[in-house]
Structures are given as structure tokens and as C-alpha cells.
Amino acid sequence: MITRRSFLKRAAAGTAIASFGGILPGFSARSYANIVGANERINAAVIGVNSRGKALAQNFAKQPNCRVTRICDVDSRALSKCIAAVDEITGQQPAGDKDLRKTFGQKDVDAVVIAMPDHWHAPAALLAMKAGKHVYLEKPCSHTPAEGEMLVEAAKRYKRVVQMGNQRRSWPNIVEAINEIKAGTIGNVYFGKSWYTNNRPSIGTGKETAVPEWLDWELWQGPAPRTAFKDNFIHYNWHWFWRWGTGEALNNGTHMVDLLRWGMELDFPTAVTSTGGRYYYKDDWEAPDTQVINLDFGGKKSMMWEGHCCNPFRIEGEAVGLLFYGEKANLLIGGGNEYKILDHKNQVIKHVTSNIRIDPRNKMNPAQQLDALHIQNFFDGITKGTPLHADILSGHKSTLLVQLGNIAQRSAERLLVDPSDGHIRNKEAAGKYWSRTYEKGWEMKL
């Protein structure tokens, strides 16, 4: 057993903690977890661990100032796999829950990581805050604008730290790029363009079948109105059904639009339009596979998001990215931790590449190390009161921009928006899409 005294002696001898959430040389995450008295750690629970949630659980488990105490999922297969993955990293097997309400009631949980389907994000975050837990919430922060506003109010009322998973706000070269813009390097930015491209296959036409024995379909649906189980809902395809998902605009567009809004220092638009549809396949997919959202900010600046789910042709050489159009030059950010500044003759005048190194001591790859920066900022917000890089207010504002795009798309209207709060002035569209219907007993209430 490593004692706290030997740990401190080793540290005092000049062994520094590795950067990007690293640990002391010679110590694994497992050995750190066994240090007697190393109790300054945050106890975290991760909820929804089939894909992104499992990756987050593993990253949280690798942080020396965190202990993953519980894993929660309605899929028993995902639950057991994630428990095993955390155990392999730390040597401490977290408890497993099926019902998040049980997880929220545990004293060995200080913070929760929510990576469930979109229809669960805001209701789960609210329940967590009511239970006294801090929240790391994957994007989008809400299924509807009303939910986002409620989370902003809840964070204030319950005095909880809520970090949204807009992790690029913590990536050092992205931060540098935004600072270049704010410093006037490319001049006044009057237009921003963002995009996402992929080659997603058809989801086909689903058939009603018996619910798999490994799935609690009732809990999976949670706050959403009930419907019969079909064989093309689980796990990823729920993104394309409005009952649970928010389409590609919020699935991937949120990240890029957030960076545009940050760099251009904008809050709420004055008008929003959207064009597109489900063009590629005739199947159960409800959201657009091709969509162009345009947001106008008082006739002074504008931005757009362009989504192509079923066509992988890259824009500006990038599958995902954004471009700031400035009066002096343009700035391009792709999917990674780097950026380019190009003059108006399309010549690259500055190229900053990723400088994240792989640290063999904590076995985190560059992507995990980048995400660890966002995680550590969340921890600092809890323990030190450090300002969050993506607090719930900024997360709501960015989520709302693409939500407005989806509302414009679904209502087939040009939305007129109040720039003071983002509310829709079109009465019919606002009445139909600003909030949602909940399953009885699952309504969000402050």
C-alpha cells in the first residue's frame, strides 16, 4: 500500500504532475486510487454509457482527482462493459444502477456525467441538481428551448456547477484561434460558416418487435411520450426521430455553431431560416439529412450551418469545421486542435497545428488529453469556483441557435426572434415547438 506520506515525499522530491490531467511518474491511475488519504477527489457517476458515455467514463476514471463510483444505464450489456472498463483502469469496480434516480440518491456521488439520448439530457440534469449533484452535460443541453431556459434557472437556484460538453472551448489552439479573432487579427468578422459531412446509411423501415431482454424500454423512454418498440430505434438511430433526437443540427452542428457564436461575440439572432429535407433515402428517418440554417443578427452579422449526413464531400478540405470571414483575412478551424489564417488571395499566412503530446504514463491518446482539459475545468469549477469554459448559460445560447434552425425547418417559416432573449415572435411556431409534451409523471419542474 502506498501511503500518503510516501506520496507527498515523492512529490516533494521534484516529481511534477503530468500536464493534461496526467499523474505522477511511476504511478498508474490504479495506484493513485489506492493512496491512503487521497480524498480530495471528486466522486463521479456516469449515466448513459453505450458509446460516448463509456468514453467519458474511461476519461474521468483516468483523472487523478476523480473516482468513478457508479455507472448507470438501462442497457445491461452497456452497463457491464463500462463497469469492466473502469475497473481495468482503476482497479476499483464502480457500482452499477439501472435507474438514474437511484444513482442520484447516493452519497458517494458528487457529480454526474450525462451522456444519455437527447430527450433525457435536460430532465436528468434537473433531477441531478435537485439531488445536490454537479453536472457534466453532453451536448445538446436540451431537447427544446424551454428546457434549456429551465436548466439555466436551475443552476442558479440549486447553486450547482453545470458544464456542457462543448469541449473545444478548452482545446488550447482553438482558444488561441478565438483570441486571434477577438484581437482583430482578421479584422471585423461579418460572416461565419460551419458544416458537418458524413455518409450515414439508411435506417430502413422499423418493425415492432419484443423489447430485448437486456433493455428497460420504459426507463429508456423516460420523459418522452410512450411508443411501441421497433427494431431500428436503438442505439444510435434515435437521433433522427423528433420524439427523442434533434437531428444532425444539434448532434454535430452545436459544436461548430458554438465556436462561431463565441468568436463573433454574439448571443441571440433576429431572424432564422432553414432549408433541406430527408432527400437520400425513403425510410423512417424524420430529421433532415441535408440542411442549411441561416441566422441573421440585426442585419450586421450572420452565420450559417450546413449539414450533409449522407454526402461525405469535404468543405474547405474538412469533414467538419467552420470559417470566419473577416475584413482583413479569414480563419479556418477544422475538426482538430488547429487553425489556419488565410489572406483574401487564399494564401495561408499562419498555420497552428496540434501540439498535444501522448503521455505514456496515463495512456491517454491526444483526443482524451484534450477532453481532459474540459473535465479538469469542470473539476476546478466545483473545487475552486473557477469560471467554466462552457457553463450552462453559454451552452443554452449555442444550443438555442440550432434549435431555432430546426424549428424554422419544421414549421417552414422564417422565424422572427427577439434578440434580447432568443424567443420566437412567430406565435404558431413558438407555440408548437418551444416546449414539448412529457409522459405523465416525468414533467420537468423547478
Side-chain angles (χ1 to χ4, degrees), residues 41-49 53 56-57 60 66-74 79 94-166 216 218-225 244 246 375 378-383 385 388 390-397 399-400 403 434-446:
R41 291 170 294 160
I42 291 169
N43 293 323
V46 186
I47 306 172
V49 295
L56 283 168
F60 271 74
C66 178
R67 176 173 172 245
V68 177
T69 55
R70 307 188 81 86
I71 300 295
C72 179
D73 202 292
V74 296
L79 181 64
D97 301 321
K98 182 173 70 172
D99 192 326
L100 80 175
R101 292 168 295 188
K102 179 181 178 181
T103 304
F104 293 158
Q106 303 303 314
K107 293 182 179 179
D108 64 350
V109 176
D110 305 313
V112 298
V113 183
I114 297 172
M116 307 160 79
D118 293 359
H119 71 287
W120 256 116
H121 283 194
L126 180 58
L127 288 173
M129 283 187 271
K130 284 184 173 182
K133 314 302 182 186
H134 302 289
V135 179
Y136 186 101
L137 181 60
E138 274 295 277
K139 55 77 200 164
C141 66
S142 60
H143 191 266
T144 64
E147 289 185 344
E149 289 187 324
M150 196 174 296
L151 290 188
V152 172
E153 179 60 31
K156 295 177 184 176
R157 179 174 299 190
Y158 300 110
K159 296 179 171 59
R160 296 298 89 187
V161 173
V162 184
Q163 173 95 301
M164 186 163 132
N166 277 340
D216 189 320
E218 177 69 18
L219 273 177
W220 189 94
Q221 294 181 92
W244 311 297
T246 51
I375 293 169
F378 174 53
F379 291 163
D380 286 346
I382 296 171
T383 61
L388 296 176
D391 64 20
I392 190 57
L393 178 58
S394 74
H396 164 62
K397 289 178 179 179
T399 300
L400 178 60
Q403 283 174 334
W434 189 261
S435 58
R436 67 165 301 161
T437 300
Y438 295 94
E439 179 70 11
K440 188 176 181 180
W442 286 100
E443 300 89 349
M444 285 185 65
K445 298 177 181 177
L446 282 173

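Numbers here simply count residues along the sequence, with the first being 1.
By the 30° and 60° cut-offs, the orientation of the rings of His119 relative to Trp220 is tilted.
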Kindly determine whether Leu126 and Leu446 satisfy side-chain contact (heavy atoms from CB on, under 4.5 Å), including the steps that lead there. CA-CA 8 Å; Leu126 180 58; Leu446 282 173; 3.9 Å; yes
His143 vs His121, test: side-chain contact (heavy atoms from CB on, under 4.5 Å). Steps then yes/no. CA-CA 7 Å; His143 191 266; His121 283 194; over 6 Å; no
Walk me through it: do Ile114 and Tyr136 pass the test side-chain contact (heavy atoms from CB on, under 4.5 Å)? CA-CA 6 Å; Ile114 297 172; Tyr136 186 101; over 6 Å; no
Kindly indicate, with the supporting measurements, whether the criterion side-chain contact (heavy atoms from CB on, under 4.5 Å) is fulfilled by Asp99 and Cys72. CA-CA 7 Å; Asp99 192 326; Cys72 179; 5.9 Å; no
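Val135 places a side-chain heavy atom less than 4.5 Å from the side chain of Met129. Looking only at side-chain heavy atoms (C-beta outward), Val109 and Phe104 stay at 4.5 Å or farther from each other.
When atom types are taken as modelled, the side chain of Lys139 and the backbone of Thr399 share no donor-acceptor pair closer than 3.5 angstrom. With hydrogens and angles ignored, the 3.5 Å screen pairs no side-chain donor or acceptor of Glu147 with any backbone N or O of Ala122. With hydrogens and angles disregarded, a donor-acceptor distance shorter than 3.5 Å links the side chain of Arg160 to the backbone of Tyr158. Distance alone, capped at 3.5 Å, places no donor-acceptor pair between the Glu153 side chain and the Glu149 backbone.
Salt-bridge formation is detected for the pair Arg70/Asp97: a Lys NZ or Arg NE/NH1/NH2 atom is positioned less than 4.0 Å from an Asp or Glu carboxylate oxygen. A salt bridge is absent between Asp73 and Lys98: the closest approach of a Lys/Arg side-chain nitrogen to an acidic carboxylate oxygen does not fall below 4.0 angstrom.
Residue Met150 holds its CE atom at 12.5 Å from CD1 of Ile392, rounded to the nearest 0.5 Å. The CG atom of Asp391 lies 8.5 Å from the NZ atom of Lys397; values are rounded to the nearest 0.5 Å. Separation of atoms CG (Leu388) and OG (Ser394) is listed at 8.5 Å; rounding is to 0.5 Å. For the atom pair Ile375 CD1 and Ile42 CD1, the distance stands at 11.0 Å (nearest 0.5 Å). From Leu127, atom CG reaches atom CH2 of Trp120 across 6.5 Å, with rounding to the nearest 0.5 Å. For the atom pair His134 NE2 and Phe378 CZ, the distance stands at 7.0 Å (nearest 0.5 Å).
Just one residue in the list Asn43, Thr383, Ile382, Thr69 forms a side-chain contact (heavy atoms from CB on, under 4.5 Å) with Asp110, and that residue is Asn43.
Partners of Ala44 by side chain to side chain contact (heavy atoms under 4.5 Å, CB included), not counting sequence neighbours, listed by chain and number: Phe60, Cys66. Partners of Pro145 by side chain to side chain contact (heavy atoms under 4.5 Å, CB included), not counting sequence neighbours, listed by chain and number: Leu400, Gln403, Ile407, Trp434.
Between Ala57 and Ile71, the closest heavy-atom pair is CB-CD1, 4.2 Å.
Evaluation of the salt bridge (charged side-chain N to carboxylate O under 4.0 Å, His left out) test over residues 437-446, restricted to residues two or more places apart or in two chains, returns none.
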